Amino acid sequence: MLFHSLAALCLTLTTTIAATLPAIQYETPVSRRWLLGDDKIRGVNLGSLFIIEEWFAKDEWASMGCKGYYDEWSCVKALGQEAANAAWDTHWKSWVTQSDITKIASYGLNTIRIPIGFWIKEDLVLSDEYYPRGGLKYLDRLVGWARDAGLYIIMDLHGAPGSQSPNEEFTGHGTANPGFFTDANYERANKFLEWMTERIHTNDAYSTVGMLEVINEPIKRRVNATDADDMLERFYPAAWDRIRGRENKLGIAKEDKLHIQYMGSNWGSGHPEKYLNDTTGLYFDDHVYWKFDTRSGTNKTSYINATCNLYRPEADVIVGEFSLSVASALQNNDEFGIQGHPENIAFYTDYFTSQVSIYEKSGGWVFWNWKCNWINQFNDWRWCYKTAVEAGAIPKDASKAASLSPC
Ligand SMILES: *[C@@H]1O[C@H](CO)[C@@H](O)[C@H](O)[C@H]1NC(C)=O
Ligand SMILES: *[C@@H]1O[C@H](CO)[C@@H](O)[C@H](O)[C@H]1NC(C)=O
Ligand SMILES: *[C@@H]1O[C@H](CO)[C@@H](O)[C@H](O)[C@H]1NC(C)=O
Ligand SMILES: *[C@@H]1O[C@H](CO)[C@@H](O)[C@H](O)[C@H]1NC(C)=O
């Protein structure tokens, strides 16, 4: 049986009650397994919602009183906890609304990836750490909307205790010496994963969360092999055990167990399954940014050549982040500029469709990001799905995009 989207699956499972009820109901548990091969993941990230990155949310960040602060940690510290909570509350209320979620579904997308910080479980935060409080009810609201729209959800631990990579605002706390690689912080991350696993299985709003990513973009071996290897050997198998252990305790049926996702070996932290005894339901995440890859060359032809020919995702990989951005040195020139260059839009359509056609050879794709504002002093939709569709660069129906590929 072919399911063309999770929404179709939900409808199938609920046909017996659908006739008497006005909307899709979820009394019948939805199978959480995404059936690769039957359909591909086509999604967007909801970045800068629960972990704000100033570089693509400049106006938002300024409106919160955070201008000049690098990350959530430094702004919360500067504002003070109470004022920060109030500023973030306003942000959480408005950055992603229900109409965003229905628009995502209307664009033929079937998935959202939600980057969150461990601090959304507030009892894990230490007294000398600075993170906003009060986000959980907005996560609950968001997943409920996504469920109602029939969207599959990848829940992504994007900011880990102590920070998992140096100098990255996406961790919530950019620091030169990331401190994730200790027993105490592994334990905090595992407590988070256990808690999230339970919430997903016991809170109805979370019933289309199918995948839990244990950690986003951790340190690479070339940056610190000791830390990367330690994480692989000690955190990765423990995280698996804790998620599956909690599911076993809850009596979750085999077919309803979560997919567990790790950054794949391409990421550079080593081989994620090296220390795992079990790989049932294991998926990998890869992030592909041609912007930072010199093999993409300096003209349109070389970019499309690269996207079509120089990368193939491994089996069971979902490309969880990619964009339409090009090398910084090129992005505003005549070949690639988007301000005052309507003639370049067709290239960006090719750049998008070529990428998704390759990523759909494996599990599928999740664009970075759905929404942003004021990158480099203008609305640079090469990072923003919503405005890229409005600009005519990304096709309105994501499910057809791969078939338009120039590859
Ligand atoms: C790697 O990190 C450890 C702390 O976890 C530190 O002691 C060591 O100096 C770091 N190595 C390098 C090459 O930075
Ligand atoms: C792997 O096997 C060892 C030894 O049987 C066990 O202690 C450990 O919990 C297992 N880990 C996983 C991830 O299943
Ligand atoms: C584009 O760049 C490639 C090298 O990356 C070069 O071989 C080719 O001639 C260039 N094409 C144009 C049209 O400039
Ligand atoms: C296409 O990529 C291949 C492999 O890197 C390279 O040899 C060739 O020059 C590229 N062509 C263009 C037009 O960039």
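Ligands are counted one by one from 1 in listed order, and the atoms in each one are counted from 1 as well. Quick note: residue numbers are just sequence positions, from 1. Computed from a prediction, not measured in an experiment: that's the story for all the values here.
Residues passing the ring pair (Phe, Tyr, Trp, His ring centres under 6.0 Å) test with W368, sequence neighbours excluded: F56, H158.
A salt bridge is absent between K371 and E60; no separation between the charged side-chain nitrogens and carboxylate oxygens falls under 4.0 Å.
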- Task: For the pair F50 and Y138, evaluate ring pair (Phe, Tyr, Trp, His ring centres under 6.0 Å) and give the outcome as yes or no after the intermediate values.
- Result: CA-CA 9 Å; F50 295 110; Y138 294 104; 7.8 Å; no
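Residue D227 touches ligand 1 through its side chain alone, judged by heavy-atom distances below 4.0 Å.
Residue N224 approaches ligand 1 through these ligand atoms, each under 4.0 Å from one of its heavy atoms: 1 (C), 2 (O), 3 (C), 8 (C), 10 (C), 11 (N), 12 (C), 14 (O).
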Which N or O atoms of ligand 4 sit under 3.5 Å from a protein N or O, and how far apart is each pair?
unit_1: ligand 4; atom_1: 2 (O); unit_2: N305; atom_2: ND2; d: 2.3
unit_1: ligand 4; atom_1: 11 (N); unit_2: N305; atom_2: ND2; d: 2.6
unit_1: ligand 4; atom_1: 14 (O); unit_2: N305; atom_2: ND2; d: 3.2

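Side chain to side chain, T175 and N177 fail the donor-acceptor criterion of an N or O pair below 3.5 Å.
Checked by atom type and distance alone, the side chain of N190 never pairs as donor or acceptor with a backbone atom of F235 at under 3.5 Å.
Aromatic rings of Y289 and F322 (six-membered ring for Trp) have centroids beyond the 6.0 Å cut-off, not under it. Ring-centre distance between F180 and Y186: below the 6.0 Å cut-off.
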